[in-house]
Amino acid sequence: MPLFTSAPNSLCILRLSAIGDVCNTIAAVQMIQKQWPETKITWITGKLEAHLIGDLPNINVVVFDKKLGWKGYTQLWKTLKNERFDALLHMQYALRASVATLGIKAKYKLGFDKERSNDFQTLFTNYKVPSPQKPHVLDGLIAFVKELGVNTTNPTWDIPTSYEDNAWASSQLSDVNNKNLVIVPAASKAYKNWNAQGYADVIHHAQSQGWTITLAGSPAQVEIDLAANIESLLNAPVKNLVGKSSLKEMLALLKQANLVIAPDTGPAHMANAVNTPIIGLYAHHNPDRTCPYQYRDYVVTVYDEAIKAETGKDKSELSWRTRVQDKQAMNRIRSEQVIAMFDKAVIDFSL
């Protein structure tokens, strides 16, 4: 039996980070809104993530700043002291998120079951959400929605971007041939990043097919350095916007692109959320769990071979959350693999 047979008055979503996981959570939350538009929804999230979801329709976004330490918790609880929710959806098993639940009043506190839970999350919840058969993060979040009593459907996303953000993105991209490839070459964790030569090989191929290339990313030094290394290997110029956009400008840029290439990083899921085909590059995490949800057939992955080399076991013999530890694993990806996937995407999406 579902928890609710009619719309609850109020729900609280607890998903603090990171950008990719927050993107997945948006789809789950908007499923709730479609069935129960009258339900008041409060979403507790991180300071950076709030820039992405702060203007989602009919959602009260409350920022939890983990950098404030204990003061961050007391500020959060003070903000919510007069609230009592019908249910809290504790969608993040990090201990810092679980501590936050202590000052949130809710009849039901939903959390992952033992299969998916981690960091003692089960101690902070009173309702365990059964894990679905599929390992993907989003399928695990959709399971919360189903337990509430929402009729789940294929996930969709509606993330608004402003006129100014859209205009900025338009000014950065070529409107000559409608062949704009945006590459987000780096994640914040360097071990997730492919090498500069590989990206340069793909860029040379795309440019030979008439594509305009834009590099994008955050101001993190690891991202700036990789973009510079890529540029040093190129025969023709590209537009380098790494560190030069806000989060919403990045979203608008990805939305207006024709194709995106990125490793396991937040912008890959942002591209997925705005329905732009994305080629994901994976080695460390099982892409069945973490890849861009709508574009699972366009992943270039060496996870299977890397995990076999490291453990001597096939991934089917291991936990679905097992991570490859080899910090050089992304170098197993070959340029020709990514070029072949690029050519497949061009054909499949009529680009």
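Values below: every heavy atom of this structure, side chains too, minus hydrogens, waters and symmetry copies.
Under the 3.5 Å distance criterion, the side-chain polar atoms of R15 are left unmatched by any main-chain donor or acceptor of C23. Remark: side-chain polar atoms of D65 are paired, donor with acceptor, to backbone N or O of K67 under 3.5 angstrom. Without hydrogens or angle criteria, Q33 side chain to P57 main chain gives a donor-acceptor distance under 3.5 Å. Put simply, the side chain of N126 gets close to the backbone of K107: a donor and an acceptor are under 3.5 Å apart. Judged purely by atom type and a 3.5 angstrom limit, N193 uses its side chain to pair as donor or acceptor with the backbone of A187. Judged by distance alone, the side chain of Q337 and the main-chain N or O of R334 form a donor-acceptor pair under 3.5 Å. Put simply, the side chain of Q75 never gets that close to the backbone of G72: no donor and acceptor are under 3.5 Å apart. Proximity of a side-chain donor or acceptor of Y303 to a complementary backbone N or O of P287 within less than 3.5 Å is not detected.
Aromatic rings from F124 and H90 are positioned such that their centres are separated by 6.0 Å or more.
N177 CG: more than 12 foreign heavy atoms inside a 6.0 Å radius. Taking a 6.0 Å sphere around NZ of K189, one finds it holds 12 or fewer heavy atoms contributed by other residues, nucleotides or ligands. The environment of N58 atom CG is sparse: at most 12 non-hydrogen atoms of other residues, nucleotides or ligands sit within 6.0 angstrom. In this structure, K128 places its NZ atom where more than 12 heavy-atom neighbours from other residues, nucleotides or ligands lie under 6.0 Å away. By the 6.0 Å contact criterion, NZ on K40 is open, its count of non-hydrogen atoms from other residues, nucleotides or ligands being 12 or less.
In this model, no donor atom of one side chain and acceptor atom of the other lie less than 3.5 Å apart for Q121 and S98. Side-chain polar atoms of D343 and H205 form a donor-acceptor pair below 3.5 angstrom. For T161 and N166, the side-chain atoms include at least one donor-acceptor pair closer than 3.5 Å. Between the side chains of N275 and Q294, at least one donor-acceptor pair of N or O atoms lies under 3.5 Å. Using a 3.5 Å distance cut-off with no hydrogens or angles, the side chains of T212 and K239 do not pair a donor with an acceptor.
The shortest distance between side-chain heavy atoms of Y282 and I333 does not fall below 4.5 Å. A heavy-atom distance below 4.5 Å is not found between the side chains of I203 and L233. Using a 4.5 Å cut-off on side-chain heavy atoms (C-beta onward), N258 and T276 make no contact. In this structure the side chain of Q30 reaches within 4.5 angstrom of the side chain of I26, judged on heavy atoms. Side-chain contact between M31 and I142 is present, with heavy atoms from C-beta onward closer than 4.5 Å. With contacts defined as side-chain heavy-atom distances shorter than 4.5 Å, the pair T125/Y108 does not qualify. Considering only heavy atoms from C-beta on, K192 stays 4.5 Å or farther from L281 through its side chain. In this structure, the side chains of I104 and F85 come closer than 4.5 Å at one or more pairs of heavy atoms.
The distance from the OG1 atom of T42 to the CG atom of L88 is 10.5 Å, given to the nearest 0.5 Å. Atom CG of L14 and atom CG of L89 lie 9.5 Å apart (nearest 0.5 Å). The distance from the CD atom of Q209 to the CZ atom of F342 is 6.5 Å, given to the nearest 0.5 Å. Atom-to-atom distance recorded for L11:CG and I32:CD1 is 5.5 Å, nearest 0.5 angstrom. The distance from the OG1 atom of T101 to the CD atom of Q92 is 12.0 Å, given to the nearest 0.5 Å. How far CH2 of W320 is from CG of N286: 9.5 Å, rounded to the nearest 0.5 Å.
The two residues R332 and A309 have their closest heavy-atom pair at NH2-CB, 3.3 Å. When all heavy atoms are compared, the tightest approach of E49 to S17 is OE2-CB, 3.5 Å. E115 and S131 make their closest contact through OE1-CB, 3.6 Å (heavy atoms, listed as atom of the first residue, atom of the second, distance). When every heavy atom of Y293 is checked against every heavy atom of P155, the shortest pair comes out as CE2-CG, 3.5 Å. In terms of heavy-atom proximity, G198 sits nearest to S335 at CA-OG, 3.6 Å. The two atoms that bring S246 and D165 nearest to each other are OG-OD1, 4.4 Å, heavy atoms only.
A single hydrophobic cluster is seen to contain both V238 and V202, as judged by linkage of ILVMFWY side chains at heavy-atom distances under 4.5 Å, directly or through other members.
Seen from the ring of F120, R96 does not count as a face-on cation partner, given the 6.0 Å and 45° thresholds. Cation-pi contact between R296 and Y298: absent, since separation from the ring centre below 6.0 Å together with deviation from the ring axis within 45° is not met.
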Go through the steps to decide whether K315 and D304 satisfy the test salt bridge (charged side-chain N to carboxylate O under 4.0 Å, His left out), and finish with yes or no.
CA-CA 6 Å; K315 70 176 182 181; D304 292 24; 3.5 Å; yes
Please walk me through it: do L251 and L52 pass side-chain contact (heavy atoms from CB on, under 4.5 Å)?
CA-CA 9 Å; L251 185 67; L52 181 66; 4.1 Å; yes
Does the pair E231 and N240 meet the rule for a side-chain contact (heavy atoms from CB on, under 4.5 Å), with working shown?
CA-CA 8 Å; E231 284 193 288; N240 186 351; 2.9 Å; yes
Quick one: do V29 and F144 satisfy side-chain contact (heavy atoms from CB on, under 4.5 Å)? Show the steps, please.
CA-CA 10 Å; V29 171; F144 280 75; over 6 Å; no
Please evaluate residues T322 and I307 with respect to the criterion side-chain contact (heavy atoms from CB on, under 4.5 Å), reporting the C-alpha separation (whole Å), side-chain torsions for both, the decisive distance (0.1 Å), and the verdict.
CA-CA 8 Å; T322 304; I307 202 69; 3.8 Å; yes
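Between H284 and Y191, the ring-plane angle classifies as perpendicular under the 30° and 60° cut-offs.
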Show the atom names and distances, to 0.1 Å, of all donor-acceptor pairs under 3.5 Å that link a side chain in residues 259-270 to residues at least two apart or in another chain.
residue: D264; atom: OD2; partner: H285; partner atom: ND1; Å: 3.3
residue: H269; atom: NE2; partner: T290; partner atom: O; Å: 3.1

Would you be so kind as to tabulate the donor-acceptor pairs closer than 3.5 Å made by side chains of residues 146-153, with sequence neighbours excluded?
residue: E147; atom: OE1; partner: Y127; partner atom: OH; Å: 2.6
residue: N151; atom: ND2; partner: Q35; partner atom: OE1; Å: 3.4

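The pair D55-K248 meets the salt-bridge criterion, since a charged nitrogen lies less than 4.0 angstrom from a carboxylate oxygen. K105 and E83 are not joined by a salt bridge, as no carboxylate oxygen comes within less than 4.0 angstrom of a charged side-chain nitrogen.
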